[in-house]
Structure formats: structure tokens, C-alpha cells
Amino acid sequence: MKQIWLIFLKDIQQEFKTRYAINAIMLFAIVTLSAVSFSIGAYTATTRVLAALFWIILFFSSMSGLSHIFIREEETQTADTLKLVARPSSIYLGKFFFNLILLILLEVILIPLFIAIMNFKVVSFQIFLLTMFIGNFGLAGGGTMVAAIISKASTKGALFTVLSFPILLPVLISGISATRKAAESVKLMDAQNELQALLAYGVIIIVASILLFDFVWNE
Amino acid sequence: MNPEYVVMIVNLVIWTGIFLYLWRTDKAVKKLKQEIEELHLTEKLD
Amino acid sequence: MSKLWKIILYIGLSLIIIGAFVWAPLEPKILKEYTRIFYFHVPVAWICVLFFLIAAYYSFQFLRTKDLLYDAYAKISNELGILFAILATVTGSIWAKVTWGSFWNWDPRETSIFILLLIYGAYFSLRSAVEQEDRRARLAAVYSLLAFVTVPFFVFVVPRIYFSLHPDPVINTQGKIHLELRQRVVFFSSLIFHTVLYLWLFQMRKTQVKLQMILRLYKENKMLEE
Amino acid sequence: MLNAKMELIAEKIVKRFVHFLVLKNISFKVSSGSAIAITGPNGSGKTTLVKILCNLMAPTRGQVVYQNNSQKINREDIFQYIGLVGPYLQLYQELSAQENIDFFARMRNLKNYSARVKQLMELFNLSGREHDAVKTYSSGMQQRLKYVCALIHEPEVLFVDEPRSNLDQAGIEAVYSILQEQKKDKILVISTNDQEDLTLADQIIRVGVA
């Protein structure tokens, strides 16, 4: 437990000094959002399209930043140093919490911007925020694990999106569906299926990652 | 074109491919077996 | 595989071809002449799912034992899996073109096979990006298992969100239209014989990599003794 | 861990990179109070062997066993007993020396380590630079800081890969005093090309030579 917290703190400290991941992820989100907004123009898209666009922006922005945390360890050759002092599961969880915070920060910026620029009318904030909150666990859990895998491979950048897309697709599909429902209905029960799926996905992917992380990390 | 023929042709192409694949693998396995026999490694073959 | 089995397999496959094209009646409402493709398309699609499961099993075995032979088995089952996934996609989209009017419709089953293709593709791009053998084996096995745990979600989530065009009731015995007896006989024997054929192919590839592994170990031992 | 008798045993280590055999059947045994040197030409696999011994890399065949009073230590606990200094082991460049030291010490669950750190910092002549980011350090200073980080927990087994790299005369002397100390009642493993370093060792393992 203590190790998880220490690794998390260390990554925050490092990030605070370089601001690499946070810059990459925020700029990516803002650039794609404005690109989407320009190309749509004054046309008001349906909630279905908007929900999909929102998740596509969220997904690809997180793809630009989530892998950084492991790639940095490999590229600065600190991975071995860390390996000498830490248990694998605490490394995974420490990095997972860091990515979780990164995603929450991204959403804090992205959600108000998206609602304002794209004229996205959320009827039930309860469903919307709950979707975001639960979805984050799945995104960060799967993303962190795939980041660990690709940090050991030779071509890192392009591979991350290729590998994480099939793994994170359930989050994307249920997330889009739940977001659409947030814009259409007020009752929480309407999005029950999606939220359950997101929750189950988050739990399973994190448990599987903790079990499998050993094999990625230990040579 | 008669749809029956389309179905038949597609299937034939696939099956020819699969049998070619089978045949090639079989040949490779035979070659390997021979090589191993020459090295007297047969006791390891279980 | 003994001679006898080979003969049984060849005769069975020939009977299935004859059965599919001559003996079994056509389904008159939706499929018409394209009923025949059903006897070949479904086994291929089933096989590529089967190889995906086999690959997950061997990946697990590899992580348990760290024996590179299991990694090789997982690799060849994924190779065969991607081959059959492509075949199923091609035959399926030809079929889709003539029955539903377009090559691709994002029907749940098309979505599933597409996801399988994505996973297989990702698996091989991961393998090609890692040079060191044991590391490649570990990463690939972990990725296989990670993909494997997400599969239930596709089964659960996808059908709820996309509606199906597949002729489910034709296959599903509880559905509206039952398969006729002759259709059922041809379909299930086709399924069984195809499975046997493809597993035989798999078995042969397995022997091949096993022999290669033995040869390599032998050479390595000789080098160590020097 | 007083009077603990540690043993490090390598059993028939083989390592293959793709089609190239780097290490061929390396076996040895060291116990507390002695030193071992690994030597060989460049590219002969010294670093590979050190990494395998530290559990940073798995051997293709063979195994590495750590024993404490002839009781085998679990793989996941080994990190508490070893310290490693090597050119491929970097510190966190953005963080200051003090932050690096704190991180490693607390990860190892140490308490009241400040006295020891102060003593080590003085020995390696780094006092006064604790709060500068590591990236502002020269390579020699970074090397010295690596020794500090590897020695805070007084490891039972110390691995040193190329002890002299980037160091000036004073640095080398400081390192030597540490190594002499280590070899008195603990295990020291040096990987080196330098003939002088071999005099420290009780056993010499040559890799990459027929």
C-alpha cells in the first residue's frame, strides 16, 4: 500500500516538473475538439453523433498521454532502478492512479468545453457524470496495462493505439450508449445496463491486469 | 451468374488453399523428421 | 493421424459437398440458393473463434510454465485464427452483399468478427515489434489473455446496442423457422468434419514447430558442450 | 540481519539473445565475507550476467538462488537484500538528489535513514547539492549519487558494474573504501575490465572467453 502511494507521489512530482503528459493530453483534446467543431460548423448534430464524437475525442486524447508514464521509465532507463525497489503490483496500481488523475483532469476541462462548443444538451447529469466516473476506471486500467506492454516493445507510439483499441472497445461502446442516454432521458435506470457493463469491465480489467502485470514487468 | 456457382467457386478456392497449406506443412514435417532421425534424436520424440 | 481417419475425413467432406449442393433442401424465404454458403461459412467462423480460445489456453500455459513451445503453439493458433477470420469475413460479406444488399452492415456478428480481426492484428503487430524471444513470448501471451477477458463484454454489450441482420431464427432451434432434418444433418456433420479438418491442420503445424524446437535445442546443447 | 550468512548461487546460467548465445553454463557460489569479480572483453555478457543475478532479467536456462542461513529467499523479497550500481541504472533526472534518496529509502521501508545518508553524502563529497535536480549534476556526480542510493539500506549483496566509470581519483578512493567495507562481512560482486579491480576479488569469473 505504501509503495503504491510513493510511486504515485513520485510520478506526480515528476509530472509537476515536466508537465509532459498533461500538456500532450490537453492540447490533443483541445485541438481535436476545435477540429471537430470547425468541420461541423453551425450544423447541430444529433445526440447520437455527439455522444460518439465526445468519446472519440476522449479516447484519442487519452491515447496520446496514458502511455507516457511507462515509456518515460523505459526511455530514461529508470525502469530497472524502479524494478529493484518495488513490487510489480504496486507499480501497476501507482501508475494506474496517476493515469486516473490525468483522465479526471482531462475530463474537467473537456466536458464543459464540449458542452459549450458543441451545444450538447445533457438532460441527466447524474447519468453523464456517473458514466465518466466509472468509465475512467476501465480506461485507465486497460490503458495503463497496454502502456506497460508497449513500453517493452521497440515501436512504441503507434502501437499503443493499435493495441488498446480492441481492449478498450467495450468501454467505448457502452460509454457512447450511456452518454446518448444521458442526453435523452432523466431516469438513471435507463442507463443501467451500460453502467453495469462499465463497472464490471473496470473491475475485471484491473484484476486481470494486476495478475498479469508481473509477467510484463519481470523479465 | 447462377448463385450456386458463386458459392461453389468460393468454396473450391478456399479448400484448394487449405489443402495446399496442409500439403506444404506435411512436407515440412517429413523433412524435419528425417533430419532428426539422422541426428539420432528419436528418443526425444514423444 | 492414421490412414483410416484420413480416408474417413475425405469421404465425409465429399459427402458434405454433395449433401450441401444436392441433397439438403433450400430455405425458401430469405436465403434461397445462398442457403448453401451457410454450410461452409458458419464452420469457418466457428473455427476462428475456436482458435482464439485455443490461443488463450496456450498463452496461459506459457505463462505458467515459461516453455517457449507453448508460445509457438499460441502463435500458430493465432495465425490460423486470423486466416479463418479473414475467410469468414470474405465469405460473409459476399453473402451479405447478395442477401442484405451491402458488403458491410455492422450487424453484431460482423462487429464481433471485426473485433476478433483487430485483436489478431494487434497481436501480430506486437509480436513483430519485440525482438527478444522470451520477452516477445511473455508480452504476446499477456496481450492474448487481456483480450480474452474482454470477450464476454462483446458478447454481452454488442447485441444490446446493434440489432441483428443475421438469420438467427434459421439456426436457433427455438426460433420461428426450424431447420429441416436434412439441413440439420448436413449442417452439423459439416461443422464436425470441418472442425476435425482444421484441428488436423493445427496438429500438423504443432508437430512442425515442436520438431523445429527439438532441433534447435539439440544445436544449442552441442554449442554448450564445446 | 546481524551475522546473517548470505549465499548467492548461480547454477548453470545460459542466456541466448535470438540466435546468439551470450552466456554458456556459468556456475558459481559466493557467501558473506567474500567478493567475486566478473570480467571479460566488451560485449562478452558481463552486464547481462549482472542483470540476471539481480533478477532484472531471466536466464534462458539455469537459475539464481539467494540463501539466508541456507534458507531460500523468495524472488519477490530479494530486492530488500541487494544494491546495484551500474551505468544502465539511472536516477530520476527531474527530481532532486534528496527526493531521489527519499523515494528509494521509503520504497525500501527504511526509517531514520538521514544520519546514514548524511554520512554517505559526505563520503562522496556531495553535501550541499541535495536540493538540485539530478539533471544538473555532472556524470561523475550522478555516479556518486547512485552509490548513495544503492547503499542507504546497507545491502547484504552489493553489485557494482564498472566501479570506476566517470569517477575522478577522490571518487574512486571513496568507492574503494566502500567496497573494502562491503567485502568484510557481506557479499560484493564487481563487474569490471580493470586489472586493478580484480585484486579485490576472491573469485574471478571470466565470461565470453573459450
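What's counted below: heavy atoms across the whole structure, side chains too, no hydrogens, waters or symmetry copies. In what follows, chains are A, B, ... by sequence order, proteins preceding strands, each numbered from 1.
With values rounded to the nearest 0.5 angstrom, I36(B) atom CD1 is found 4.5 Å from L215(C) atom CG. The CD atom of Q212(C) sits 9.5 Å away from the CD atom of E35(B) when rounded to the nearest 0.5 Å. Note that the CD atom of Q208(C) and the NZ atom of K31(B) stand 10.0 Å from one another [nearest 0.5 Å].
Open room surrounds CZ on F60(C); 12 or fewer heavy atoms of other groups in view lie less than 6.0 Å from it. Annotation: R24(B), atom CZ; neighbour count of heavy atoms from other residues, nucleotides and ligands within 6.0 Å does not exceed 12.
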Identify all side-chain donor-acceptor contacts of residues 79-90 of chain C below 3.5 Å with residues at least two apart in sequence or on another chain.
| from | atom 1 | to | atom 2 | distance (Å) |
| --- | --- | --- | --- | --- |
| E79(C) | OE1 | R205(C) | NH2 | 2.8 |
| T89(C) | OG1 | A85(C) | O | 2.5 |

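Screening residues 38-52 of chain C for salt bridge (charged side-chain N to carboxylate O under 4.0 Å, His left out) gives no qualifying pairs among residues at least two apart or on separate chains.
Proximity of L32(B) to I214(C): side-chain heavy atoms (C-beta onward) are nowhere separated by under 4.5 Å. A heavy-atom distance below 4.5 Å is found between the side chains of Y198(C) and I18(B).
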*Before giving the answer on side-chain contact (heavy atoms from CB on, under 4.5 Å), spell out for L22(B) and L197(C) the whole-Å C-alpha distance, their side-chain angles and the decisive distance to 0.1 Å.*
CA-CA 10 Å; L22(B) 260 173; L197(C) 175 69; 4.0 Å; yes

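Across all non-hydrogen atoms, the minimal contact from L211(C) to V29(B) is CD1-O, 3.8 Å.
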